Amino acid sequence: MSSYDPSAVETRWQQYWKENKTFKTPEDHDKPKYYILDMFPYPSGSGLHVGHPEGYTATDILARYKRMKGFNVLHPIGWDAFGLPAEQYAIKTGTHPRETTEKNINRFREQLQMLGFSYDWDREVNTTDPDYYKWTQWIFLQLYNKGLAYEDEVPVNWCPELGTVLANEEVIDGKSEVGGFPVIRKPMRQWVLKITEYAERLLDDLDDLEWPDSTKEMQRNWIGKSIGAEIDFQIKEYDDKIRVFTTRPDTIFGATYMVLAPEHHLVNKITTDEQRKEIDQYVEEAANKSDLERQEVKNKTGVFTGAYAINPVNGKEIPIWVADYVLAHYGTGAIMAVPAQDERDWEFAEKFDLPIIRTVQPPEDFDGTAYTGEGPAINSDFLNGMEIAEAKEKITAWLEENGVGKKSVNFKLRDWLFSRQRYWGEPFPIIHVDGKHKPLPESELPVTLPEVDDFQPTKSGEPPLARAKDWVKTTDPETGKEAIRETNTMPQWAGSCWYYLRYISPEFDGGPVEENEEKYWMPVDLYVGGAEHSVLHLLYARFWHKVLYDCGVVSTKEPFKKLVHQGMILGEMEYTAFEKDGKTISADDAEGLDEVLRIPLSESDVEKRGDRFVMKGTEITVEARAHKMSKSRGNVINPDDVVDQYGADSLRLYEMFMGPLEQVKPWSTKGVEGVNRFLNRSWRLFLGEGEVEQLNITDVEPTLDQLKTLHEAIKKVTEDIEAMRFNTAISALMIFVNEANQWDSVPKSIAEAYVLLLSPFAPHIAEELWSKLGHKESLAYAEWPELNEEYLKSDTIDYPVQVNGKVREQIQVPADKAKDKEFVIGLAKQQEKVQKYLDGSTIVKEIFVPGRIVNLVVKPN
RNA sequence: GCCUGGGUGGCGGAAUUGGUAGACGCGUCGGACUCAAAAUCCGAUGUUGGCGACAACGUGCGGGUUCGAGUCCCGCCCCAGGUACCA
C-alpha cells in the first residue's frame with residue numbers, strides 16, 4: 001500500500017480504539033475537567049444524515065484537543081429513543097417499538113463509530129431502558145412531592161390522527177409538528193407541570209449563560225414577562241368585580257369598554273336576558289373553534305353582554321363585551337379596552353362604534369390610529385402632563401391606596417402539559433386509589449411498560465396502556481387497597497431533560513447521579529445541538545435542573561454553561577429555469593403563476609448577470625439556490641456514501657471546512673474532493689510517491705524557516721480550535737502542507753508536530769502517520785504542540801505605504817527599526833513610487849501605526 | 001407587524017481592537033507528464049481600460065464620521081430563522 005487508502009486506515013484505527021478503550025473517561029479527579037456534550041439523537045429508521053456529523057465532529061475536535069491539552073474529558077453519547085415514529089410503525093406492522101428502537105440504535109451506533117468519534121462507549125444511555133427511566137420516574141416523583149405536578153381537566157391540543165394530546169409547542173399553525181395532522185381543542189384529564197413557578201428564575205439566570213443571544217432572546221420572549229397592574233372594575237348591579245391585567249395602567253382614563261374572554265367565568269352571570277341568546281351562541285362557537293380557526297379570522301368579533309362596569313378612577317359606566325380576541329389563558333382573561341392607545345382595541349372600537357378617548361398626546365404629525373409611543377398624558381385628570389413612566393407609577397400608587405388594584409407581573413409562559421396518550425413513553429409512577437391519585441413509593445420503581453396486544457388507543461379513547469388490563473389493575477403497596485395505574489405516559493422531552501446527568505455515573509443505583517462525580521463534572525462546559533431546540537428542550541431541561549438543584553441533587557443552577565448551534569446543511573446548489581405553455585420565462589415572472597414547469601439546469605448552462613443568474617447568452621433569469629435536503633426533492637446526501645468514496649476523515653474535514661459551524665451552508669461534493677486531495681497531499685508529504693512505501697522524513701534539525709512555518713500553523717490552529725473556528729484552522733493546516741511540499745524532506749520533529757495538529761480533525765490518518773513515524777501508542781493523549789513565539793519573528797517587517805489612504809508601495813523595514821517612526825516614514829518618502837505622488841504637493845499629516853501601516857496625507861500646492 | 005441573524009469574486013468562505021479586501025478550498029483557463037485519459041504537478045484567475053509597467057472602480061442601496069470604513073453612525077432594500085390578537 002503506497003497511496004492513502006482511507007477505508008483500510010480507518011477500519012484499523014477504529015478497531016484499535018475499541019479494543020484499547022482509548023477514550024474511556026478517566027476516573028481520577030486530579031486534572032481539570034472538560035464536559036463536552038452533543039444533543040443525543042433520536043435513532044430514526046433512516047439512519048444518520050449529514051447534519052448529525054456536523055455538530056458531532058465539532059465536539060469531537062474539541063474533545064480530542066482538550067485531552068491532548070491535559071484535561072479529563074467526558075464526551076458521551078446516547079439515545080433519545082422514546083418517540084412517535086417507532087410507535088406508529090408498531091401500529092402499522094405490529095412490530096414492538098422496542099425491537100424497532102433496538103435495531104435503529106445499532107445502526108446509529110455503527111454509523112457513529114464509522115466516523116471515528118471519540119465517545120466513551122461504556123457510558124451510552126438509552127431513555128427507553130428501564131434502568132434509565134427508573135430515574136426519570138424518580139425525578140417526576142420529586143416534582144410531584146414538591147407540588148409541581150398536578151392533574152387538571154384542560155382543553156388540550158388533541159390530534160385525532162395521532163391519537164394523542166400535543167403540547168402547545170408541538171402544534172404548528174394548528175397542525176401537529178409530527179406528520180402535519182389537524183389538531184382540535186378538547187377538554188381532558190392531564191398531568192401538568194408547574195414550570196410557571198420557575199418563570200422568574202428561568203428568565204434571570206439566562207443572563208450569565210454563554211449562549212447565542214438569539215437563543216436567550218427566544219427564551220425570554222417565550223417566558224414573556226410583562227410588568228403592569230391588576231385593576232378591579234366593579235360590575236354595575238352585581239357584587240362581582242372584573243379583574244384585569246394591563247401593562248398600561250396610565251391609560252385607564254381612556255378605558256371606554258371592557259372585554260371578557262368567551263371562557264371567562266362571569267360571562268354567564270352578567271349577561272342580560274336580551275343579550276343571552278346572542279352571547280350563548282357566540283361562546284359556543286368560540287369553544288368549538290380550534291386555535292387555528294380563531295387565528296384565521298382576521299376580523300374582530302364580539303357581542304355586548306348588556307352589563308356595565310364602573311371605571312374606578314372616574315366612576316364612568318362602560319359596557320362589558322365578550323370577544324375572542326381576548327385570550328382566556330393570559331392575564332385574567334379580561335381586559336380594560338383603551339382603543340386610543342391599543343391597536344387591537346382601536347380596531348374593535350371602530351367596528352362596533354365604541355368611544356375613543358386619547359390619553360396620551362400624539363406628536364403633531366401623527367396621522368395613525370392607536371398611538372402607542374411616548375407623550376404626555378391628556379384627558380387624565382391628576383395624571384395630565386406626565387410622561388408614561390411617571391404616570392404609571394402615580395396611578396399604580398393611587399390604585400393601591402384606594403384598594404382597587406396593585407402592581408402585577410405576568411408571564412406568557414404556561415404550565416407544561418406533561419402527559420401523552422401513547423404507548424412508547426415512560427409510565428407515570430402514579431396509581432389511583434378511591435378516585436384519588438397517589439405516588440408510588442420509590443421502592444416500586446421502575447414502573448415498566450406492560451405488553452399490549454395493540455398499540456392504538458382504545459375505542460373509548462383511553463391511552464394504549466389501558467389495554468393491559470392486568471397491569472392497570474393493581475394494589476396500593478401501602479394500604480393493600482385496590483388501585484388502578486395511570487395509563488398516560490410522559491412526553492419525549494422527559495428523558496432528554498436530564499440525560500446529561502446520567503452520563504456522569506451511568507451505573508449508579510442510588511439516585512440519578514452520584515454526588516461526588518456530579519460535583520466534579522458539572523456543569524456541561526460545551527453543549528452543541530440544533531437551533532430547533534432553542535426553546536423546548538433547553539427550557540424544559542433548565543426547569544428540571546433547577547428543581548433538582550432545589551432538591552440538592554445537583555450543585556449548579558444551570559446545566560449548560562456554553563451552548564452552540566450548528567447550522568443546517570442544505571443540498572447542493574440548484575439552478576432552475578421556468579417554463580410556461582412551452583415557453584421559457586424569467587424566474588421573476590414565474591412567481592405566483594400556476595402551471596409553471598421547473599426545469600433543472602446544470603451550472604454550465606447559466607452565467608451571472610448583474611446580481612442574478614441568467615441562461616447563458618440570454619436575458620432569461622433563472623433561480624439559483626440551495627434547498628433543504630428532503631427525500632421528496634431527492635437531494636439528500638447520505639454520509640455512508642461519502643465515507644465509502646472519500647473516507648470518514650474527508651467527511652469530517654469537509655463538514656468543518658465548509659464555513660462557520662453556526663451557519664447554514666450548501667453541500668458541495670466538489671468540496672469534499674478538495675479536502676480529500678489535501679489529505680492525500682498530507683500523506684505524500686510523509687510517504688513520498690514511489691511504489692514502495694518510503695518515509696520522506698529526515699532526522700535533522702529543522703531550519704528557522706521551517707520552524708516559522710510550523711509555529712505559524714500551531715498558533716493559528718490552536719487559537720482557532722479554542723474559538724471553534726474550524727474552517728480557518730483547516731485552512732492553516734493546508735497552508736502548512738503547501739509550504740512543506742516545497743521542502744526536500746520534512747524534519748521528523750516538524751512532521752510529528754503537524755500530525756498532532758491534524759489529529760483532532762482527521763484522527764484516522766493522523767494515527768496512521770503517527771505510527772509510521774515510529775510511535776507504538778495512540779496519539780490521543782500525546783502532548784499538544786506548544787507555540788514558541790520566538791520562531792514567529794522575522795528579520796524584516798513589511799509596511800504598506802499609503803498616500804491619501806491609497807496603497808502606493810510596499811517597503812521592508814529591518815525588524816529592529818520597525819517601531820522607529822522617523823526611520824520608517826523617512827524610508828517611505830524616499831520610494832520612487834511614493835515620490836511620484838508627493839511631487840507638487842505638501843505633506844499635511846503623517847500617520848504611522850507601528851507594525852501596521854504608513855499613510856501620508858498630502859494637499860496639492 | 002415584532003424579535004434575532006445575515007448580505008464580500010462564477011461558488012463556499014477569509015480579513016481577531018477601524019489599517020494592504022478576496023486567505024484557504026472549489027470552479028474556470030493555460031501549461032507539464034501521458035500514445036491517450038485519469039491522477040498529479042506548475043502558472044493565471046474581482047471588474048473595466050491599456051501591448052505594457054499601470055490606472056480607475058469594487059464588500060446589498062443612499063448618506064455621514066475618519067488620514068483611512070467590509071468593519072463605526074443614520075436612513076432604506078433584500079434573504080434566512082423565530083414569533084404572532086400575550087392587553
Side-chain angles (χ1 to χ4, degrees), chain A residues 3 173 212-218 220-222 224 226 228 244-248 251 259 294-295 297-298 300 323-327 329-338 341-345 347-348 410-414 531-532 534-535 565 567-568 573 603-604 606-608 611 613 624-626 654 657-660 662-675 677-678 680-681 684 689 716 719-720 723 725 727-735 738 741 798-810 833 844-847 849 851-858:
Chain A
S3 63
D173 295 334
D213 287 335
S214 56
T215 305
K216 290 206 255 185
E217 202 52 32
M218 277 160 89
R220 286 192 192 105
N221 291 338
W222 195 266
S226 44
V244 301
F245 172 73
T246 176
T247 55
R248 293 294 302 274
T251 63
V259 185
R294 278 205 193 184
Q295 279 166 28
V297 183
K298 291 197 180 95
K300 296 219 166 10
D324 66 2
Y325 84 90
V326 170
L327 307 172
H329 51 70
Y330 183 76
T332 59
I335 61 158
M336 64 174 202
V338 187
Q341 274 86 227
D342 185 290
E343 309 222 359
R344 298 152 300 182
D345 295 346
E347 203 188 308
F348 191 81
N410 237 289
F411 293 94
K412 227 159 84 176
L413 184 70
R414 288 199 255 163
E532 66 273 19
S534 292
V535 257
H565 300 301
M568 205 192 333
M573 180 77 123
E603 206 184 330
S604 53
V606 299
E607 62 184 334
K608 186 111 175 193
D611 60 352
F613 281 88
R625 56 174 299 191
Y654 173 65
F657 187 60
M658 291 173 90
E662 307 81 358
Q663 204 163 299
V664 178
K665 25 196 189 277
W667 183 266
S668 154
T669 298
K670 288 282 182 198
V672 188
E673 285 171 17
V675 295
R677 269 198 283 273
F678 158 70
N680 268 296
R681 277 203 304 277
R684 285 198 305 272
E689 303 197 45
K716 184 80 179 135
E719 286 174 1
D720 283 354
R725 289 185 300 250
N727 54 331
T728 49
I730 293 166
S731 148
L733 292 169
M734 289 172 166
I735 291 170
N738 290 347
N741 256 321
D798 289 341
Y799 273 93
V801 180
Q802 297 183 331
V803 179
N804 283 344
K806 291 197 171 165
V807 180
R808 298 301 181 181
E809 182 61 306
Q810 305 282 336
K833 280 186 195 161
V844 294
K845 202 169 183 183
E846 293 170 349
I847 310 281
V849 184
R852 289 278 192 189
I853 207 162
V854 172
N855 189 8
L856 304 171
V857 186
V858 301

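Every chain is numbered from 1, with letters handed out A, B, ... down the list of sequences. Computed from a predicted model, the values in this text were never measured in an experiment.
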**Q** For A:W222 and B:rU4, what is the distance between atoms CH2 and C1' respectively, to the nearest whole Å?
**A** 16 Å
**Q** Give one of base, sugar-phosphate or nothing for A:N855, where a contact means two heavy atoms less than 4.0 Å apart.
**A** base
**Q** For the C1' atoms, the ones on B:rU20 and on B:rC67, what distance do you get once it is rounded to whole angstrom?
**A** 16 Å
**Q** Going by side chain to side chain contact (heavy atoms under 4.5 Å, CB included), A:I335 matches just one of A:Y330, A:F245, A:Y325. Which one?
**A** A:Y325
**Q** What is the nucleic acid contact for A:G674, judged by heavy atoms within less than 4.0 Å: base, sugar-phosphate only, or nothing?
**A** sugar-phosphate
**Q** Between B:rA55, B:rC11, B:rA87, which one does the side chain of A:M573 approach most closely?
**A** B:rC11
**Q** Let me know the distance between NZ of A:K665 and P of B:rA80, rounded to the nearest Å.
**A** 18 Å
**Q** Taking only side-chain nitrogens and oxygens of A:S731, does any of them come within less than 4.0 Å of OP1 or OP2 of B:rG13?
**A** no
**Q** Any base atoms under 4.0 Å from A:N680, or only sugar-phosphate, or nothing? Heavy atoms, all strands.
**A** nothing
**Q** Any base atoms under 4.0 Å from A:E343, or only sugar-phosphate, or nothing? Heavy atoms, all strands.
**A** nothing
**Q** Taking the inter-plane angle between the rings of A:Y654 and A:W667 on a 0 to 90° scale, is it parallel (under 30°), tilted (30 to 60°) or perpendicular (over 60°)?
**A** perpendicular
**Q** Nearest to the side chain of A:R681, heavy atoms from C-beta on, is which of B:rC41, B:rG10, B:rU20?
**A** B:rC41
**Q** Glycosidic conformation of B:rG13, syn or anti, with 90° from 0 as the boundary?
**A** anti
**Q** Quote, to the nearest angstrom, the C1' distance that separates B:rC77 from B:rG60.
**A** 7 Å
**Q** Over how many whole Å does the gap from A:L733 atom CG to B:rA14 atom P extend?
**A** 16 Å
**Q** Among B:rC54, B:rC85, B:rC67, which nucleotide sits nearest the side chain of A:D324?
**A** B:rC85
**Q** Would you say A:R808 reaches B:rA55's phosphate, i.e. side-chain N/O to OP1/OP2 under 4.0 Å?
**A** yes
**Q** On a whole-Å scale, what distance lies between the P atoms belonging to B:rC79 and B:rC41?
**A** 42 Å
**Q** Taking the same atom, C1', in B:rA56 and in B:rG50, what whole-Å distance lies between them?
**A** 12 Å
**Q** Base of B:rC11, side chain of A:K670 - is there a donor-acceptor contact under 3.5 Å?
**A** no
**Q** If you look at every strand shown and take non-hydrogen atoms under 4.0 Å, does A:P660 touch a base, only sugar-phosphate, or nothing?
**A** sugar-phosphate
**Q** Verify the contact: side-chain N or O of A:N738 to OP1 or OP2 of B:rA23, cut-off strictly under 4.0 Å; return yes or no.
**A** no
**Q** At under 4.0 Å, does any side-chain N or O of A:R677 touch on OP1 or OP2 of B:rG27?
**A** yes
**Q** B:rC41 phosphate, OP1 or OP2: any side-chain N/O from A:R684 under 4.0 angstrom?
**A** yes
**Q** Report yes if a donor N or O on one partner sits less than 3.5 Å from an acceptor N or O on the other, where the partners are the side chain of A:Q802 and the base of B:rU20; otherwise report no.
**A** no
**Q** Taking only N and O in the side chain of A:K608, is any of them less than 4.0 Å away from OP1 or OP2 of B:rC11?
**A** yes
**Q** What would the secondary structure line of RNA chain B be in dot-bracket form, counting Watson-Crick and G-U wobble pairs under 3.5 Å, with [ ] for pairs that cross earlier ones and | for pairs with another strand?
**A** (((((((..(((......[....)))((((((.......))))))((((....))))..(((((..]....))))))))))))....
**Q** As a test of reading the structure: which of B:rA87, B:rA56, B:rU20 is closest to the side chain of A:I335, going by heavy atoms?
**A** B:rA87
**Q** Which nucleotide in the set B:rC67, B:rA23, B:rG12 lies at the smallest distance from any side-chain heavy atom of A:K845?
**A** B:rC67
**Q** Heavy atoms only, 4.0 Å cut-off, all strands: where does A:R625 land among base, sugar-phosphate and nothing?
**A** nothing
